[in-house]
4 protein chains.
Amino acid sequence: MSKREDIMIATLDLIDEEGLQSVTFSKILKKANVGSGTIFNYFSSKEELVNEVYKEARVHMGHCLLAGYNSELSLYERFKCLQLNRLQFGIAFPKEFLFIDSYSYSPYISPEIRNLDDAGSTLEVLNVIIEGQKHGIIKEMDSHLCHQLIHGIISSILKGYFVRKYPLSDLQVQQTLEASWKAILV
Amino acid sequence: MSKREDIMIATLDLIDEEGLQSVTFSKILKKANVGSGTIFNYFSSKEELVNEVYKEARVHMGHCLLAGYNSELSLYERFKCLQLNRLQFGIAFPKEFLFIDSYSYSPYISPEIRNLDDAGSTLEVLNVIIEGQKHGIIKEMDSHLCHQLIHGIISSILKGYFVRKYPLSDLQVQQTLEASWKAILV
Amino acid sequence: MSKREDIMIATLDLIDEEGLQSVTFSKILKKANVGSGTIFNYFSSKEELVNEVYKEARVHMGHCLLAGYNSELSLYERFKCLQLNRLQFGIAFPKEFLFIDSYSYSPYISPEIRNLDDAGSTLEVLNVIIEGQKHGIIKEMDSHLCHQLIHGIISSILKGYFVRKYPLSDLQVQQTLEASWKAILV
Amino acid sequence: MSKREDIMIATLDLIDEEGLQSVTFSKILKKANVGSGTIFNYFSSKEELVNEVYKEARVHMGHCLLAGYNSELSLYERFKCLQLNRLQFGIAFPKEFLFIDSYSYSPYISPEIRNLDDAGSTLEVLNVIIEGQKHGIIKEMDSHLCHQLIHGIISSILKGYFVRKYPLSDLQVQQTLEASWKAILV
DNA sequence: CATGAATGAGTCTTCATTCAT
DNA sequence: GATGAATGAAGACTCATTCAT
């Protein structure tokens, strides 16, 4: 594993453990087991390092969201696939998910990075919404608002799960997906 | 206006503009137009200051959430009232809302303050959920998961609005309330 | 009791309890029960306050050292009187004694204050020494060195007593006085 | 010379010049000619730095006190050796001596460091006293009081010398040793 | 005289960053 | 590339001192 990766993994771990605000270089160096100068061979500043970690997490999530996605499927199947993928990404990669969720809307992440390419998954969700509205299945509303709605449901369910408010087995997963679907039907 | 208030307002503004992590005393002092020693006549430490700002925001929100709430109303009316109040609080006081939403679980906020009395609004939401489930209107699921769900929808919609993804006038507000209601129906 | 006295007493107490280095105005104010501005009606600065306390202690000790002193008595009687008075002053006023002892040779006390008039007691001790040397009773040596010798004996005995290394009743007092006398005999 | 040593030397010098209480980092940094962060690569805090300087001084003194000591010598010779060593240490290393003498009981010096092994010199002095008392040479008194007494004489004489009350050449040194010996004879 | 809110220079300390090896 | 000693700007916080009341 390269030093660069060591550093990024240590950074994400520390963000998860202690929060972005208390992550310092010396903690990263100790955890990644590299010298203090090494970091600057890969990242020109702390901000760049954090943004790289953020970008990588976003790209990772972007890929996961489209796993097994097939545009030939029915509207409902496609919707469920996208929503399930999001939920499963959160379950499988809680550190990435929480980092993205917590800092995407914080002043720490600059707007241009917030809006970066996520491998087309956002576009795909918007497509499904707009198509659903054309077919009179999904309620007419701002498509971004609608996207935010179904995203917010997944996100809130995951956060409750992470703090162990409740289990999240198949039953709950199905309930969540259905809830998010019904929420936006006409 | 008292110096104490000046300081608290400047602090909340800065948290909103730059995030809790990058709020420094020197920024607060400049914004509040007070000398560096003055803060310590009112707050024994930075942590106490931030917690005090947090407490005030929570108390403020607590009052707003139950505004006009009437337990004699129909289940749906009560649900809408609670959800609308939360949404409107977020729209009217975005700084308070985001601060509470982002930092309630940060290590900076002491647990005893985090668990502040919210004037019973959380309890009231749970009551509505349980009552709705008894009457066969709301789907059977862990009541905390359900609460998390409807709260998360509001929170997510507000965050999208704050970064100007879409407008949030009466129409969108009604759509959001309905979506959150439909999400949990049987 | 005047505010001025309140302040000086509080200061000496605090020096005794915590050491000069950790005495702050706010502690003095609290202990003396005066407002923070009041101190500056009496002392132009902290250094002046401490020096006043030091001077007062020195004057106080100066008076005590000559209590019951009678220049008509025999050399030995006069010597014993001066030494006993010093010992008893230390026992009766440990705070004053320790403050003087600790800070007289520290850089904190300026030389001119260190050498202030002590009501003639130093002079009297030197007189006894010189007279004793003339009569061939006391060994020939620098009179200041001799003075420092007998002072040092009292001082060291008292410091051991203060930290409860041993009791200091009549027997030990007599032993100490005799030891200091014999130390300088021819 | 290493930075660490530079810092420790500058610290001891400043303690001597201005007293422990007014030693600040900025003064140390200027005197040692190092950057402000450098200190913390070697000492985790100011207290640790001061304690380290204290420890080094104590170890240094411990070696000097027993220089040339030979337990086969006569009681008087052994006594004189110990006393002379202490006096000469004070003359040769006034900064170390005064620092130890003034601050051993200050709250700044941690107790475990205060009770450092002094290489057995204290024990050796007590041995001489007790042996002298057994042989009827030294007066019967609490051995700690006796130790305090002869130590205090040296300390007092040195302090007078440091403020230039008198010279301290061989003659005065011999007189001091004799006085301290006679002070405790039967 | 007495007060205490307000002040800001100065303290210790942290931490991202540089640079010689 | 990799290292870590050295750095100094910036941070939280203290405290003697001022001044309007």
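All chains are named by letter (A, B, ...) in the order of the sequence lines, taking the proteins before the strands, and each is independently numbered beginning at 1.
The shortest heavy-atom contact between B/L20 and B/Y103 is N-OH, 3.0 Å. Nearest heavy atoms, C/I113 versus C/R58: O-NH1, 4.3 Å.
Annotation: proximity of residues 50-57 of chain D to DNA chain E (heavy atom, distance under 4.0 Å) is found for no residue. For the segment residues 15-22 of chain A, no residue has any heavy atom less than 4.0 angstrom from an atom of DNA chain F.
You'll find the side chain of A/S2 reaches within 4.5 Å of the side chain of A/E5, heavy atoms only.
Of the charged side-chain nitrogens involved, at least one lies within less than 4.0 Å of a carboxylate oxygen, so that C/E52 and C/R4 count as a salt-bridged pair.
Counting heavy-atom neighbours within 6.0 Å of D/N33 CG, excluding the residue itself, gives a total of 12 or less.
When the C1' atom of F/dG1 is taken as reference, atom CG of A/D6 falls 14 Å away, rounded to whole Å. Atom OH in B/Y108 sits about 11 Å away from atom C1' in F/dG11, given to the nearest Å. Regarding B/K30, its NZ atom lies at a distance of 12 Å from the C1' atom of F/dG11, rounded to whole Å. In this entry the distance linking CD1 of A/I28 with C1' of E/dC15 reads 11 Å, nearest Å.
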What's touching nucleotides 17-21 of chain F from the protein side, N or O pairs under 3.5 Å?
{"from": "F/dT17", "atom 1": "OP2", "to": "C/K46", "atom 2": "N", "distance (Å)": "3.0"}

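Taking atom C1' on both E/dC1 and F/dT21, the two are 13 Å apart, rounded to the nearest angstrom.
Map A/Y42 and D/N33 each onto its nearest nucleotide of DNA chain F; the residue landing nearer the 5' end is A/Y42. With DNA chain E read from its 5' end, the first of the two nearest nucleotides for D/K27 and B/K3 is the one closest to B/K3.
Counting atom types as modelled, B/N41 pairs a side-chain N or O with a base atom of E/dA6 as donor and acceptor under 3.5 Å.
With sequence neighbours left out, C/Y105 forms a ring-ring contact (aromatic ring centres under 6.0 Å, His included) with no residue at all.
Using modelled atom types, one finds a donor on one side chain and an acceptor on the other under 3.5 Å when comparing B/Y54 with B/S104.
Aromatic ring centres of D/F97 and D/F93 lie farther apart than the 6.0 Å criterion allows. A/F43 and A/F25 have their aromatic ring centers separated by at least 6.0 angstrom.
Under 4.0 angstrom from either OP1 or OP2 of E/dT7 there lies at least one side-chain N or O belonging to B/T38.
The backbone N or O of D/L98 lies less than 3.5 Å from a partner atom in the side chain of D/S102, making a donor-acceptor pair. Not one N or O on the side chain of D/D16 forms a donor-acceptor pair closer than 3.5 Å with the backbone of D/L12. Although no hydrogens or angles enter the test, the distance criterion places a donor-acceptor pair under 3.5 Å between the side chain of A/T11 and the main chain of A/I7. D/K46 places a side-chain N or O within 3.5 Å of a backbone atom of D/V23 that can act as its donor or acceptor partner.
Residue contacts for C/F43: at a heavy-atom cut-off of 4.0 Å it reaches no nucleic acid atom on any strand shown.
For the side-chain hydrogen bond (donor to acceptor under 3.5 Å, both in side chains) condition, the pairs that include at least one residue of residues 17-30 of chain C, sequence neighbours left out, are C/E17-C/K31, C/E18-C/S22, C/E18-C/K27, C/T24-C/S26.
Note that the two end axes of the helix from E/dA2-F/dT21 to E/dT21-F/dA2 enclose an angle of 10°, each drawn from 5 base pairs, rounded to 10 degrees.
In this structure, of F/dA2, E/dT11, E/dT7, it is E/dT11 that holds the atom nearest to the side chain of D/T24.
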